[in-house]
Amino acid sequence: MSTLKPFLIRTLQLLLVLWAVVTILFLMFRLMPGNPLAAYIDPTFTAEQQEALIRQFGLDKPLWQQYFTYLGNLLQGELGDSFRYRTPVAERILLLLPNTLILTFSSLIVAYTFGILAGAWLAWKRNSRFEAAALPAVLATRAMPEFWLGMVLLAIFSFSLGWFPAGGTRSAGTSYDSLWQLYTSANFLSHLFLPMMTLAIYSQGLPLLLMRSNMLDVMKEDFVTMAKIKGLSPSAVVIRHGARNALLPVMTSFAIAVGYQLQGNVVVESVFSWPGLGRELVNAVAASDYPLAQGAFLMIAIVVITMNLIADLLYTFLDPRISHA
Amino acid sequence: MPDTTIKASSGVARIFEAIKLPVGDPFALAGLLIYALFIVTALAAPLIAPYDPTEILYTADYDLASDLLPGQEGHILGTTSLGRDIFSQIVWGARSALLVGFTAAFMVAFIGSVVGLLAGYFGGHVDAVLMRLADVAFGIPFLPFVIVISAFSEPSIWNTVIAMALVLWRDTGRVIRSQVLSLRSRGYVEAARVVGSSDLKIILRHITPNILPLSFLYGSIAIGWAILTEASISFLGFGDPDAISWGFMLQDAFASQALARQAYHWFIPPGLAIILVVSAGFFISRGYENLLFPKLGR
Amino acid sequence: MAETLLSIRDLSIAYEVGSKDVVAVSGASFDVPQGTIVGLVGESGCGKTTMARALTRVIADNARIDGGAMQFDGQDLAALSERDMNALRWRDISFIPQSAMNSLDPVYRVEYQIIEVLRDRGGMRKAQARARAVELFEMVGIDPGRLRDFPHQFSGGMRQRAAIALALALNPKLVVADEPVTALDVIIQRQILDQLRGLQRELGLSVIMVTHDISVVAYICDRTVVMYAGKVVENCDTATLLNEPLHPYSMGLKNAFPDLQSAGTGVLTPIAGSPPDLIDPPKGCRFAARCPFATDLCRNTEPALTEAAPDHHVACHRASEAAVLRETAKDPATWGAVT
């Protein structure tokens, strides 16, 4: 019961932030110079046809009226039609969302698994020569442009060695009966591997450094000393009591990393021609497909905001000092 | 008497004293040296670079000097498909990176510090409004936002930098705010208020000097972010077409099939340059953290 | 006298600080007879906690046992292999920490932490361990319904009781209690000490009670070992220590603490000054600088620990004059003007 109220407050805050972002999005796309329909209007259109289009998109109305129409449409899940595809934006986004989520989650799971283990291990090896070499290396992976890492992996493992395909989600000419069959096929997984590794290599630094510094703190705690005095095995001391406590903030950071990764996806999806939300956003922006760009942006924003909330809740949920207060 | 020497020292020395450059830490020192090299390269680019980075070059036989390998025809790192000298582009790219990194860092540190100061010092409604603004900034997907602004406004480095600063101030703002909150309750600030010092005077004289190192810490982190982000924007083709940046070089290489042709000499150096400069920023900020929060320092 | 369970001889423990060694315990010797509570008393930094931890052989990374022996039940703890020592931990020697809050793992329920030890170290099966946990909670006077709580849901007193329950889980021979009641208020302190005393009698336990508070010693300990600056300065049964102390430091300590049974009466006289720096200890008696009775002999020659009276060890050059010194020591003025 007591956890319900903060939950409601946080949810309300989330909705407010979402509304603010939606408003910024509206202004961003309306106040930009140039005719938003420029890309949509064929030079062969007559003046009447053009005006009809402007009316169709409601662009002849005052800004505040457009704003409320826009809000009303959003509430009904109506994102308009893509200029380029002439199909509903919502449909297109829902089609691409799974690709992006698969890429994001698979890379983060790899990154966190590795980062947590390596971080705990580095804490164990503190003040060693190995640590002195490993830490700058980890920082350097955080300093890499993700797309450049993608380019290097692509050049080596796809173009030079030919181990993995260069882009897309499946080989040309293949088809699958269901999405599930596609996603579990070796074909799809081999396409997934390089972009997934690119994002994973980039992302492992955060959980690694976090885990390491938490471990160093936790291993100094009295309850760890007590576990040793109890004669528990070293693995019980380090894993059950050390790592279990150090893991708490790392798990929270996972949710934030999902939101963050979604933004990083934008460039990596472009490098690997991965048909996800990020690449779609870039293409839509480049083609001045405003409704589609707006929709993709909104979808990414929703995930980012939701993940920020989940990070908060996860922390409450995982820490008994808060969840059982 | 160290006290008198500090008092007698010039304004510049006092600034160094205030921002506490972390020269004691070996990592931070390495970072500072990389920065020094980077700044010198950027400033002296015309002297160091053998060619104009956008000049289309020809060989002695009047053929287009395209896709030369390192060392051929005296090009240290070879040439691009358009016949431009890669090494010269790297050197000139330092200039864009310097410009983007430092202006963005300055703006982030400035906006964040002002917001944090106002929110922390005045509290109440000012605080509530500014912190909700920070929440909103945390809700904006950073890279997509910068992409949209860069793409829809005049293509220039400044628009990209402004777009970054509009979002990135959020972390600095929150941290500075909590620092100000703790400073405000200290004795000397209370005392200054009791004797009737104006808010502006208290902020400038008693609070600002104490948050300056923190502003610098977040500024030094923002340098790296800004350079990485600019590289992404340029790579995606939304950058300033007139400025040669490392991101632009990578886009050029990618679009010219350098990967398929295994022209590693083309796309590896710009990436290494970015890593070097950005990790130097990380090293410096770590040095700062050790200095400011000894407990965290490891 | 009862059989000796633990016999510490000439034990030294050093910390490496920078390039120097700080000898926190130097040449300490005392015995713990079977079935008694032995107090280990002294100011903070006198080496008592270091000594207590040495008995578990879980000591700081920069600390090492620098010689001496700890004969426990026929084995020398100082010489055991890590493997043999680990087999002994908790099953034979358990520990009650000073701050039970920080020594219980915050993310596990208290029940889990008791069962963990019963299963991992006691070889019990889960159901058996559950039943034992209930029994232990009843023993220390906590409602077994609270077993499913997390540590932070317990009050300070309950946590300390839980720590006692945990220490008794495997029926150890020796319980080392490191300031087990320091963080608690006086009423709770007394309840917990009563409980501990009751359990000790009931189970025939041997206990080492580390404390800075001589009133705790007076309340619960059978015998008392007084430590000063890493040295044992006096060792006898508690009644003798309270009524006929031979070492001026013991006389001073007694003046400095209120009586646990009659809280708040009488004037407290602290011992002026502070213990010497152990990086560079003085050459004579370590207490000489603060001792109102110190002579040139005290300042130049270190007194050895000798049996001045039957079963009463003391390290003081003027032990033979103790009866006279005791009278002088009762006057607060004696302790006021020491430089």
Side-chain angles (χ1 to χ4, degrees), chain A residues 13-14 16-18 20-21 24-25 28-29 31-34 126 135-136 139-149 151-152 154-156 158-160 166 212-213 216-217 259-260 262-267 270-271 277-278 281-282 285-286 288 290 293-294 296-297 300-301 303-305 308, chain B residues 27 30 132-133 135-154 166 224 227-233 235-238 246-247 250-251 253-254 257-264 267-268 270-272 274-283 286 295-296 298:
Chain A
Q13 277 178 346
L14 173 140
L16 268 173
V17 169
L18 197 58
V21 170
I24 290 171
L25 195 56
M28 225 159 73
F29 281 87
L31 298 183
M32 283 300 163
R126 73 178 188 280
L135 278 185
L139 282 180
T141 62
R142 306 274 306 147
M144 273 184 212
E146 290 158 293
F147 64 87
W148 176 77
L149 180 61
M151 285 167 70
V152 174
L154 198 57
I156 297 174
S158 181
F159 291 116
S160 292
R212 174 178 164 276
S213 81
L216 289 178
D217 280 344
Y260 185 77
L262 224 53
Q263 311 171 30
N265 276 0
V266 172
V267 272
S270 297
V271 172
L277 273 186
L281 175 80
V282 171
V285 168
S288 297
Y290 290 74
Q294 191 169 291
F297 190 106
I300 294 173
V303 179
V304 169
I305 294 168
N308 287 352
Chain B
F27 272 130
R132 291 296 81 73
L133 273 179
D135 285 347
V136 173
F138 272 105
I140 293 177
F142 174 55
L143 193 56
F145 178 79
V146 181
I147 289 173
V148 171
I149 299 283
S150 303
F152 290 170
S153 56
E154 289 294 304
L166 280 176
I227 293 175
L228 284 173
T229 307
E230 193 280 330
S232 297
I233 297 295
F235 174 74
L236 294 172
F238 302 120
W246 295 327
L250 289 169
Q251 189 238 350
F254 188 71
Q257 309 288 321
L259 272 56
R261 288 187 280 119
Q262 285 148 51
Y264 289 100
F267 63 86
I268 294 285
L272 291 183
I274 294 173
I275 292 176
L276 202 63
V277 171
V278 175
S279 37
F282 287 172
F283 291 161
R286 268 177 78 85
K295 201 216 136 237
L296 295 173
R298 267 180 290 268

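Here the structure is a predicted model, which means the values were calculated and not measured. Convention: sequence-line order gives letters A, B, ...; per-chain numbering from 1.
The greatest number of non-hydrogen atom pairs below 4.5 Å with chain B, out of A:L14, A:I156, A:L25, A:T141, is found for A:I156. Of the listed residues (B:I275, B:I140, B:I147, B:L276), the greatest number of heavy-atom pairs within a distance under 4.5 Å of chain A belongs to B:I275. The candidate from A:I305, A:V304, A:L139 with the greatest count of non-hydrogen atom pairs under 4.5 Å with chain B is A:L139. The most heavy-atom pairs under 4.5 Å with chain A, out of B:F282, B:F283, B:F138, B:W246, come from B:F282.
Taking each heavy atom of A:M144 and A:L149 in turn, the nearest pair found is SD-CD1, 3.6 Å. Residues B:V278 and A:A143 come closest through the heavy atom pair CG1-CB, 3.5 Å. In this structure, B:I227 and B:V277 approach most closely via the heavy-atom pair CD1-CG1, 3.5 Å. Looking at every heavy atom in both residues, B:S279 comes nearest to A:A140 through CB-CA, 4.4 Å.
For chain B, no part of A:A296 is nearby; none of its heavy atoms comes within less than 4.5 Å. Neither the backbone nor the side chain of A:V303 has a heavy atom closer than 4.5 Å to any heavy atom of chain B. Residue contact with chain B, scored on non-hydrogen atoms closer than 4.5 Å, involves the side chain of A:L281 exclusively. In this structure, the portions of A:F297 lying under 4.5 Å from any heavy atom of chain B include both its backbone and its side chain. Of the two parts of A:I24, only the side chain, counted from C-beta on, holds a non-hydrogen atom closer than 4.5 Å to a non-hydrogen atom of chain B.
The side-chain heavy atoms of A:W148 and B:I268, taken from C-beta on, include a pair separated by under 4.5 Å. At least one side-chain heavy atom of B:L143 sits under 4.5 Å from a side-chain heavy atom of B:I233.
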